[in-house]
Amino acid sequence: WPQIRPSVSKYLTSRVFFKRQFVKEIILLDGHGSTNYFHFLIDVVSKLWLLDQIPNSNKLPILINEKVFHLPYFQDFFSKNEMLKNRALIIQSSNKPIVSNKVWLIKALPFAQKNLTKMRSLGMASLKRDVSKKLFVNRKSTSHRHIFNSSELYYRISKMGFEEVFLEDLPFLDQIN
């Protein structure tokens, strides 16, 4: 790869002369992987009730990726979650390195009914679920992860009373419902 050469100026700018924020101790819930609502629920929300396992966790700031912070489902969830209302958040942008002496990283819980039930209870107790509806959860064809023959499939199952929904069109709490 002769066209790839190290850039001394980029290295010095990013590693030596770049301003860093120092935080003595911090809790890291996730990087930017939670920009997807499914990963937010599974990877971040599942970790929240483990916060009390960290000594003095209520006094430690939580590091949140800037992209995740600005997502509507993040804002909605954190505004309605009692255990997080008074927590300090540090919003990290991609060009803002943070240095810490101690970082707490909580491992996501495995898929199990008790864990999924607990996740639903975190700030979501007021949800009303209608389990009598038959839903065909689909992805829009603009997604790189859609069902190739979804229109043919939906045509067949709509005769059985299924309703097609696109989760990306719904608010966060409706997606959970």
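On a predicted model such as this, the values are computed, not experimentally measured, just so you know.
Contacts of E164 classified as side-chain hydrogen bond (donor to acceptor under 3.5 Å, both in side chains), with partners at least two apart in sequence or in another chain: N138. Residues satisfying the side chain to side chain contact (heavy atoms under 4.5 Å, CB included) test with N56, not counting sequence neighbours, are K59. The side-chain hydrogen bond (donor to acceptor under 3.5 Å, both in side chains) check on E163 picks up nothing, with sequence neighbours excluded. Legend: residues meeting ring pair (Phe, Tyr, Trp, His ring centres under 6.0 Å) with F69, ordered by chain and number and at least two apart, are F74. The side chain to side chain contact (heavy atoms under 4.5 Å, CB included) test applied to S151 returns no partner, not counting sequence neighbours. Remark: K102 pairs with no residue by the side-chain hydrogen bond (donor to acceptor under 3.5 Å, both in side chains) rule, at least two apart or across chains. The side-chain hydrogen bond (donor to acceptor under 3.5 Å, both in side chains) search around N101 returns none, not counting sequence neighbours. Scored by the side chain to side chain contact (heavy atoms under 4.5 Å, CB included) test, I157 finds F136, L153, Y154, M160, F162 as partners (sequence neighbours excluded).
With W104 as the partner, the side chain to side chain contact (heavy atoms under 4.5 Å, CB included) test is satisfied by one option alone out of L28, I26, I54: I54.
I91 and L60 fall within the same hydrophobic cluster, where Ile, Leu, Val, Met, Phe, Trp and Tyr residues are linked whenever their side-chain heavy atoms come under 4.5 Å apart, directly or through other members. Note: the hydrophobic cluster containing I90 also contains V103 (ILVMFWY, side chain heavy atoms under 4.5 Å, direct or indirect links). Residues L89 and I106 are members of one and the same hydrophobic cluster, defined by side-chain heavy-atom contacts under 4.5 angstrom among Ile, Leu, Val, Met, Phe, Trp and Tyr. Note: the hydrophobic cluster containing L105 also contains L63 (ILVMFWY, side chain heavy atoms under 4.5 Å, direct or indirect links).
The 12-atom threshold is not exceeded at CZ of F148, counting heavy atoms of other residues, nucleotides or ligands nearer than 6.0 Å.
In the hydrophobic clustering (ILVMFWY side chains linked at under 4.5 Å, chained through shared members), Y155 stands by itself.
The heavy-atom pair separating P61 from E25 by the smallest distance is CD-O, 3.5 Å. For the pair Q92 and I98, the tightest heavy-atom approach, listed with the atom from each and the gap, is NE2-N, 3.8 Å.
Distance check, rounded to the nearest 0.5 Å: CD1 of I64 to CG of L71 gives 11.0 Å.
A donor-acceptor pair is defined here as one N or O able to donate and one able to accept, closer than 3.5 Å; such a pair exists between the side chain of S100 and the backbone of V23.
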